[in-house]
Structure formats: structure tokens, C-alpha cells
**Q** 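Okay, here's the structure, questions in a sec.
So that the names make sense, note that chain A is the first sequence line, chain B the second, and so on, each numbered from 1. Values below: every heavy atom of this structure, side chains too, minus hydrogens, waters and symmetry copies.
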Amino acid sequence: MTGTFAPAPGAAPLVRQVLAQAGMETRLLLRNGEQLLLAVVIPLLVLVGAVRGASALDLDSQHTSVDVLTPGVLALAVMSTAFTSLAIATGFERRYGVLKRLGTAPLSRGALLGGKVGALLIVEVLQFVVIGAAGLLLGWSPDFSVPALVLAVLLGTAAFAGLGMLLAGTLRAEATLAAANLVYLLLLAGGAVVLPAEAYGGLGDVVSWLPSGALGEAMRAACEGTVAARELVVLAAWAIVGSAAAARWFRWE
Amino acid sequence: MTYGGKPAVDGLSLEVAPTTITAVLGPNGAGKTTTLETCEGYRRPHEGRVRVLGLDPVADHRALMPRIGVMLQAGGAWSGVRADEMLRHVARLHAHPLDTGLLMERLALHECGRTPYRRLSGGQQQRLGLALALVGRPELVFVDEPTAGLDPQVRRTVWELLEELRSDGVTVVLTTHYLEEAERLADQVHILDKGRLVASGSPLELTRGGTVATIRLVVTQPFPPGAPESLASALGPTTELVVLDQHSLQVSGPADGSTLAVVSRWCEDNDVLPESLTLGQRNLEDVFLELTGRETAL
């Protein structure tokens, strides 16, 4: 058969699909004003506010120095992208039939997830550049352990992404939007992400088992050149539980 | 297939020949979309067997999906994505996509390429949906209500495109509300009602089966009192007479010519001056209404 529409069906190779999907999702994330607010503006405000506030009030304790706060805000940035942004975006993709559409496109579930993870990592790198630069301007002097940092970011992303997908795949889009923002605020305030767990007194033991507390601690350790093994294990456990639950209960429509 | 215990599609059996256009026709709630979604692997039949290009739409999902194109009835795109960006993205997911610029032009979408999806009109969203179904150069496309709500000239553009698909070797299965669409495009028509197949055949086969003729009489003056009754008794019990309004009535009876003679003689005898007297040919709409019940509004 010849002609404009002569059939020549076939899926693109997996790698090309993953790259296309990651690029698309990154562009959409960066184009969305609310998502940018969550990804960059709020973490920057938290960082500058906490550092300035602490010095203005002469509270320069070990919990509020820029060396403790900057890794915590980086952890917050991971949480905002891997959990809140991902959950909201995926919730609306379900609602608008995007997942159904791409499924016939044909994008396999593996390629879709690969694309999403790729987009999360790209956005996180951009967040780290902006927040890290702000921290350095405020006097942050990190002493990175690169393997520890990479592990913390990857496991933290996996843990929050699993939970975000669980939320997005089980609730309506509006409920996902509300819940993802609420959880973000609660963890920002009380999840030991920006401030270390010790700052919470007796509650510290509890919150350090949360993915937020574990990620915050792992990031702080990595920026001081050490590996927080227990926290990384906690994150890995959350990643496994969250992904398994999402795989079990995620509804595509 | 059942929804909440009520069968949506029940005991449906139909086949589609390659490189043809098949129309699945039916009133709202007839099970058209459910039938399509079962073929697309979105739904698993509770009983029976579905094979699409020889594959099981659920078990062989990964193998089947690249070979078919699916146009959803609504949605399917991010709200902030631009029309051309969405089409290029889906093109990139395929091995040998069509030229997206050409497709945008063919579907009269080139002027709204930079418009975000949420700001496209309903008709533009629909045409983009069709473009997304075609861009991967499928062997078989399922299109759900391709022209619902489109302007007449855009509808014609879509029809020409679907006909070109067929001549280029693509098999098209479409659902539609529009009988003229099915009549013009389809090689085979399947009429569904309440989840059951009530008729199948080419438009010609479906409309030909006429042992009943319909005669429509329009008169210049309102009918005198009692006139319709006298015509009914002149025609006898084998015909059905329906008074449409004060000036017109419709008679359905044996297609043997005698009915027409009786009506014209009755006009002469009663000094009724016909404005028009037409012998109706059944069209798909008549067949459809006969099969799915006259109370069904399309």
C-alpha cells in the first residue's frame, strides 16, 4: 500500500520513549506556576527566612545555622517535587485521560514511570542549583560525601514518589491536590525535614522514622561528609512499601 | 460486559474486514463506547472472545497497542500542553510517525498549534484527538464519535480523511450518532441497541429490505374534518396512516403501487389538492428508528 497514511505501525525504542516522556514532563512541570512556587520559591523563602530570622533573634543555635538548614531545605525540595508535584500532576493526568491516551500511544507503564523519574531528577538538579547557590551566598560551607548525597536523593525520591503515586492513583484529582499540599505542610512544620529531629524534643524519636525526617537527616549527614545508614534504610523501606502499595492499588482511570 | 449488574453489551458478535470502514451505530447508552473499549483492551469481557488483528486485547496488550490507533471521545491531553507539542510528543513515541505538520494541516489545526489544550475549542480538541490516533500510522483505528459537534465543513474534511485512510490501507472502526455519516462512509454498519446487535449489513442492504413503502402527502388547504379517517378506510387494514399536521400525513403500506393509486384517487374524490405527493425511499434513519424504537431521540 502507498499513500500518506499507509500503515507503518510500531513503538519507538524504550530509551527514546523514556527520554521523550521525561522531557515532556519536565517542560510541563517548569511551565506550571504553582509547581514552580512549590519547587523553588517556598524552599528559598524557608531557607532565607530561617537563616535571617535566627540571626536577627540571635538564636544562632546548632539547629538553625545555615549549615544545618541548607541540607534540610534541599530535602524539602526533594519532598516537594517527588511527592507533592508528582502526586498532583499524576492525579490530573488520570482525570484528564492522559494516562489512558499515552497507554495507547503506545507508552508502556515502565516507560511512563521511567519518564516520570527522569523528570523528577532533572527538576531536583535545577532545585539544588538554585537552593545551593542561595545557601552558599548565606555562608553555607558544605563538606559533601557525594555517594551519600546521591543515595539520599535517590532513596528519598523513591520513597516520596511511591507515596505520591499511591495518593494520585487512589484519590480523585481534587482530593489528591488537597491531600498532597496538606501532607507537605504538615511535614514541613513537624516532619523533621528542615530542622533536625532533636529540635522536636520527645517527638524527635517518632519523626525520625518518617520519610521526611529520614531524608532530612540523611541530607544533613551527606553535607557533612558522613553516611546516615539507619536513615537510608528507613528511606529504602518507605520506598518499598510505597511502591508496592502504589503498584497494588493504583487505578489508571 | 456489565455495569452494576446491568448488561451494557450482551452477546455481541461482529467481525470487521480489513481496509474497510465499519460504523457502530446506536442511541446513547447502546454500548458503542463499551464495545470499542473492549477491543482496545481497556475492559475485559466477562464472557466471550475478542480478537483484534488476531490478538487478545488484554493478554497481548503490549503487542497490540502499537498497531492500533485510538481516538478517545474526550480528553487525553495535559491541560497546559500546546496542540502541536502534544502531537509531536505522541509522534516521538512511535517508530515511523507521520509528519505532524502535514497532519495538523489536514485537520485544520495548524492555526491553533501554539494554543494550550485547555483553550482549544471542543471541535479542535476532537480533531487533535483524531490526529493523535493517526500519527503512529496504525493498521487499524478506533474512532469514537469523530465528528460530534463539528461544523459541517469540518465534518466533511474529517470524512474525506477517513476515506483516504481506507484507500491507503487502514481499517477504520467508528462509532457515530449521525446516520448520514454512517450512510456516506461505512462499508458495514452494525446497529446496537441496549447492548445488543440489532442489525448488520452495508447501508444499501439495510435500506433496501423494503416491503413497506412510505408515502407522504402534503396538501394546500387543511384537511376537511373526517378526511384522514375516510382515507384510512379507503386504504384498508394493511396500511398505517399517521397525520403529521393539518396539511400533511404519512401512509406506510405494501410497496406494490396500489397504495399510491388509492391515495391519489382519494384526493380527487375529496377535492383535496395535493401540494406534493412523495413516495419515500427508506434511508438509514428509518431503519434505525424501526429497529431501536420510535421513542428514541437521536
Side-chain angles (χ1 to χ4, degrees), chain A residues 1-36 88-112 114-116 119 173 177 251-253, chain B residues 19 37 40-42 53 61-82 85-86 88-99 102-103 106 116-118 129 132-142 161-162 164-171:
Chain A
M1 288 282 180
T2 54
T4 314
F5 300 105
L14 184 71
V15 174
R16 210 164 86 201
Q17 287 199 335
V18 171
L19 290 177
Q21 188 66 19
M24 190 73 204
E25 297 220 5
T26 307
R27 280 202 302 282
L28 290 168
L29 259 168
L30 296 178
R31 198 180 290 166
N32 187 325
E34 300 97 89
Q35 306 270 33
L36 273 186
I88 294 171
T90 308
F92 281 97
E93 283 172 352
R94 263 181 78 214
R95 145 76 76 80
Y96 293 138
V98 178
L99 297 181
K100 189 176 175 182
R101 156 88 266 151
L102 293 178
T104 68
L107 188 70
S108 67
R109 291 176 186 193
L112 176 76
K116 283 190 177 295
L177 177 74
R251 291 194 312 266
W252 292 81
E253 270 187 72
Chain B
T19 70
E37 291 190 342
E40 294 155 5
Y42 289 124
L53 302 171
H61 194 75
R62 302 271 313 257
L64 178 62
M65 280 302 122
R67 299 176 61 189
I68 68 173
V70 174
M71 177 191 171
L72 305 175
Q73 218 177 78
W78 291 282
S79 72
V81 74
R82 290 190 287 264
E85 188 180 33
M86 184 71 200
R88 280 203 307 270
H89 178 58
V90 171
R92 243 177 264 133
L93 301 177
H94 286 96
H96 319 283
L98 289 173
D99 181 80
L102 174 90
L103 201 49
R106 287 296 306 271
Y117 186 76
R118 64 171 174 278
L132 294 172
L134 300 180
V135 73
R137 300 176 72 176
E139 292 165 58
L140 166 65
V141 286
F142 291 103
L161 188 70
L162 292 174
E164 193 177 332
L165 285 170
R166 172 177 53 193
S167 61
D168 285 352
V170 180
T171 308

**Q** Measuring only between side-chain heavy atoms, which start at C-beta, is A:Leu112 closer than 4.5 Å to A:Glu25?
**A** yes

**Q** Evaluate B:Leu161 against B:Leu134 for side chain to side chain contact (heavy atoms under 4.5 Å, CB included), listing each step before the verdict.
**A** CA-CA 10 Å; B:Leu161 188 70; B:Leu134 300 180; 3.9 Å; yes

**Q** If you count heavy-atom pairs within less than 4.5 Å of chain B, which of A:Ala89, A:Ala111, A:Ala105 leads?
**A** A:Ala105

**Q** Measure A:Tyr96 against the heavy atoms of chain B and call it side chain, backbone, both or neither at under 4.5 Å.
**A** both

**Q** Quick check on the interface: out of B:Leu132, B:Asp99, B:Leu140, who has the most heavy-atom pairs with chain A under 4.5 Å?
**A** B:Leu132

**Q** With the side chain counted from C-beta on, respond yes when A:Val98 and B:Val81 share a heavy-atom pair under 4.5 Å apart, and no when they do not.
**A** no

**Q** Counting only non-hydrogen atoms closer than 4.5 Å, does B:Arg106 touch chain A with its backbone (N, CA, C, O), its side chain (CB onward), both, or neither?
**A** side chain

**Q** For the interface with chain B, which of A:Gly97, A:Ala20, A:Pro106 has the highest count of heavy-atom pairs at distances below 4.5 Å?
**A** A:Pro106

**Q** Side chain, backbone, both or neither: which part of B:His89 has a non-hydrogen atom closer than 4.5 Å to chain A?
**A** side chain

**Q** Counting only non-hydrogen atoms closer than 4.5 Å, does A:Arg95 touch chain B with its backbone (N, CA, C, O), its side chain (CB onward), both, or neither?
**A** neither

**Q** Is the number of heavy atoms from other residues, nucleotides or ligands under 6.0 Å of A:Arg31 CZ greater than 12?
**A** yes

**Q** Counting only non-hydrogen atoms closer than 4.5 Å, does B:Leu93 touch chain A with its backbone (N, CA, C, O), its side chain (CB onward), both, or neither?
**A** both

**Q** Contact part of B:Leu102 toward chain A, heavy-atom cut-off under 4.5 Å: side chain, backbone, both or neither?
**A** side chain

**Q** Measure distances from B:Arg62 to the heavy atoms of chain A and classify the residue's part below 4.5 Å as side chain, backbone, both or neither.
**A** side chain

**Q** Assess whether side chain to side chain contact (heavy atoms under 4.5 Å, CB included) is satisfied between A:Gln35 and A:Leu28, documenting all intermediate values.
**A** CA-CA 9 Å; A:Gln35 306 270 33; A:Leu28 290 168; over 6 Å; no

**Q** Could you check whether any side-chain heavy atom of B:Leu165 comes within less than 4.5 Å of a side-chain heavy atom of B:Leu162, counting everything from C-beta outward?
**A** yes

**Q** Can you say whether B:Arg118 sits under 4.5 Å from chain A via the side chain, the backbone, both, or neither, judging by heavy atoms?
**A** neither

**Q** Under a 4.5 Å heavy-atom cut-off, does chain A meet the side chain of B:Tyr42, its backbone, both or neither?
**A** side chain

**Q** Most heavy-atom pairs under 4.5 angstrom with chain B, which of A:Leu19, A:Leu102, A:Asn32?
**A** A:Leu102

**Q** Testing the basics here: between B:Pro138 and A:Pro7, what is the closest heavy-atom pair and its distance to 0.1 Å?
**A** O-CB, 3.6 Å

**Q** Quick one: of A:Ser108, A:Gly10, A:Gly103, who has the most non-hydrogen atom pairs under 4.5 Å with chain B?
**A** A:Gly10

**Q** A side-chain contact here means heavy atoms from C-beta on lying under 4.5 Å apart; do A:Met24 and B:Arg92 qualify?
**A** no

**Q** Among the options B:Val90, B:Leu72, B:Ile68, pick out the one with the most heavy-atom pairs lying under 4.5 Å from chain A.
**A** B:Leu72

**Q** Classify the side-chain pair A:Gln17/A:Gln21 by whether it contains a donor and acceptor separated by less than 3.5 Å.
**A** no

**Q** Counting C-beta onward and ignoring hydrogens, is there a side-chain heavy-atom pair between A:Glu34 and A:Ile88 closer than 4.5 Å?
**A** no

